[in-house]
Amino acid sequence: VAMTEPQAGSDVGNVQTSARQEGDHWCLVGRKQFISAGNGDFVIVLARSQAGSSGLDGLSLFIVPREGDNYVVERAEHKFPIRGSTTCSLVFESSRAELLGEAGGGWKEILTFMNESRIAIGLQGLGIAEAAHEKAARYAAMRKQMGLPIREHPMVAEMLLDMETTIAGLRAIATEASTLQDVVTHSKDESATRQLRELTPLVKWYGSEEVVRVCRSALQIFGGYGVVTEYEIERHMRDVLILPIYEGTSQIQSLMAVRDLMRVILRHPASLLRGGPTPMLGRARFGGDFAAARGTLVGSLRGLIAGMARRGGLALVRGRRQPTEDEIRPFMLHAERITETLAHLHVARSLLEQAARVPERRAVADRAARRARIVAKRNAEAIASGDGGVFARVDEWARQRATPSR
Ligand SMILES: Cc1cc2nc3c(=O)[nH]c(=O)nc-3n(C[C@H](O)[C@H](O)[C@H](O)COP(=O)(O)OP(=O)(O)OC[C@H]3O[C@@H](n4cnc5c(N)ncnc54)[C@H](O)[C@@H]3O)c2cc1C
């Protein structure tokens with residue numbers, strides 16, 4: 001599907017490719033960038049069909065056949081990850097198109113499959129992580145240094161255990177999200193819809209960022225052989241780097257996760273007093289590292305909310321008015337830290353739930369909970385230490401933009 005344009009990446013609302021109705025068909029004018037398999041026989045394009053509309057309104061989906069040079073595949077990018085998948089730049093100059101779905105309903109249609117594609121990125125990450133881990137585990141058992149297979153050196157063993165934990169955790173939350181997606185597709189279950197909305201950006205984030213770490217560890221375990229092409233680890237390292245970028249970058253997933261979380265908290269501030277921070281995490285009755293990690297995150301969120309109340313007044317915190325962009329700035333700055341902790345908490349919750357039914361899962365679940373506690377603490381310290389001068393720099397850049405020097 002062709003959404004991205006040179007000026008509209010994360011900001012899909014800035015799509016400018018236009019669609020005009022001419023008799024029984026539509027004509028598209030514009031340019032699309034980074035389109036996977038854009039060199040096929042047709043492409044599905046998101047374009048602005050309502051003249052004068054802006055943002056996510058007035059967009060529609062179109063099927064555009066390529067036959068008869070209906071549009072130009074300007075080039076396929078030369079890139080280092082996923083070289084088996086072409087990434088094309090497309091130009092539409094009065095290209096004949098057929099409306100797909102309702103006029104003006106393009107963004108709504110996109111959302112029906114974008115959710116699934118984000119879970120699919122988690123599954124793509126799972127595949128890459130499995131492949132990298134399998135090779136690293138085999139190599140670490142065979143490669144000897146200082147008289148021992150390197151996996152018997154504790155630092156290498158820890159890398160392998162961390163990789164195993166990530167893989168088990170990612171499989172757990174990706175499976176949960178996929179199951180919820182099925183429920184949501186085939187019913188109107190509101191609780192499943194809320195849970196899916198909570199998990200999806202976390203699956204995308206964890207399945208990207210944590211799998212980058214898995215590949216980095218695999219490469220490290222291979223030592224010098226990791227960077228030569230014979231062992232394929234370098235391919236996994238290259239391929240994995242696309243995951244945090246496409247289908248919504250890691251920062252965009254974090255903004256989505258944290259905006260939703262803020263909405264829940266501002267609507268029910270008591271959720272931060274009753275275990276919280278979301279019903280899904282609040283319901284989990286696990287103690288030890290899990291409870292400590294959750295408590296640490298709740299503490300960070302309380303700190304951020306208290307800061308908001310100091311600046312914006314209690315009406316804001318009680319949900320009587322919407323916060324301004326300025327008031328939520330600290331949340332936005334720390335969005336990825338909060339998201340990382342949320343993702344690790346959900347991984348721990350999901351694996352602990354499995355361990356309650358299947359005792360063999362206990363060790364990996366406990367490792368995931370321990371990691372969640374460590375991650376939560378690290379992020380809480382960063383959040384509590386303020387903005388580190390970021391806001392002053394942002395304000396300075398905004399002033400420079402407002403008064404460009406001549
Ligand atoms: C190999 C490949 C295949 C692709 N396939 C497709 C496809 O089939 N169809 C399609 O439509 N698109 C596709 N894309 C495009 C992809 O979805 C975009 O690259 C992605 O959404 C990011 O957009 P951008 O590259 O313009 O980066 P930008 O949006 O310019 O972002 C640049 C950086 O700024 C950060 N950033 C942006 N806004 C914010 C914010 N508000 N807060 C914090 N950080 C922010 C981003 O996280 C990123 O780190 C593909 C891209 C690649 C590389």
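Every number for a ligand or one of its atoms is a count from 1 in the order of the listing.
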Which N/O atoms of ligand 1 sit under 3.5 Å from a protein N/O, and at what distances?
from, atom 1, to, atom 2, distance (Å)
ligand 1, 5 (N), Phe34, O, 2.9
ligand 1, 5 (N), Ser36, OG, 2.8
ligand 1, 8 (O), Ser36, N, 2.9
ligand 1, 8 (O), Ser36, OG, 3.3
ligand 1, 9 (N), Val1, O, 2.7
ligand 1, 11 (O), Val1, O, 3.4
ligand 1, 11 (O), Met3, N, 2.8
ligand 1, 11 (O), Thr4, N, 2.9
ligand 1, 11 (O), Thr4, OG1, 3.1
ligand 1, 12 (N), Thr4, OG1, 2.7
ligand 1, 14 (N), Phe34, O, 3.2
ligand 1, 29 (O), Ser10, N, 2.8
ligand 1, 29 (O), Ser10, OG, 2.6
ligand 1, 47 (O), Thr249, OG1, 2.7
ligand 1, 47 (O), Gln251, OE1, 2.7
ligand 1, 49 (O), Gln251, OE1, 3.4

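- Remark: the Arg371 side chain and the Thr166 side chain contain an N/O donor-acceptor pair separated by less than 3.5 Å.
- Using a cutoff of 4.0 Å between basic side-chain nitrogens and carboxylate oxygens, Glu353 and Arg357 are not scored as salt-bridged.
- Donor-acceptor pairing under 3.5 Å is lacking for the side chains of Ser250 and Glu336.
- Salt bridge Arg213/Glu209: absent, no basic N to carboxylate O contact under 4.0 Å.
- Side chain to side chain, Asn115 and Gln181 meet the donor-acceptor criterion of an N or O pair below 3.5 Å.
- The residues Lys135 and Glu232 are annotated as salt-bridged, a charged nitrogen and a carboxylate oxygen being separated by less than 4.0 angstrom.
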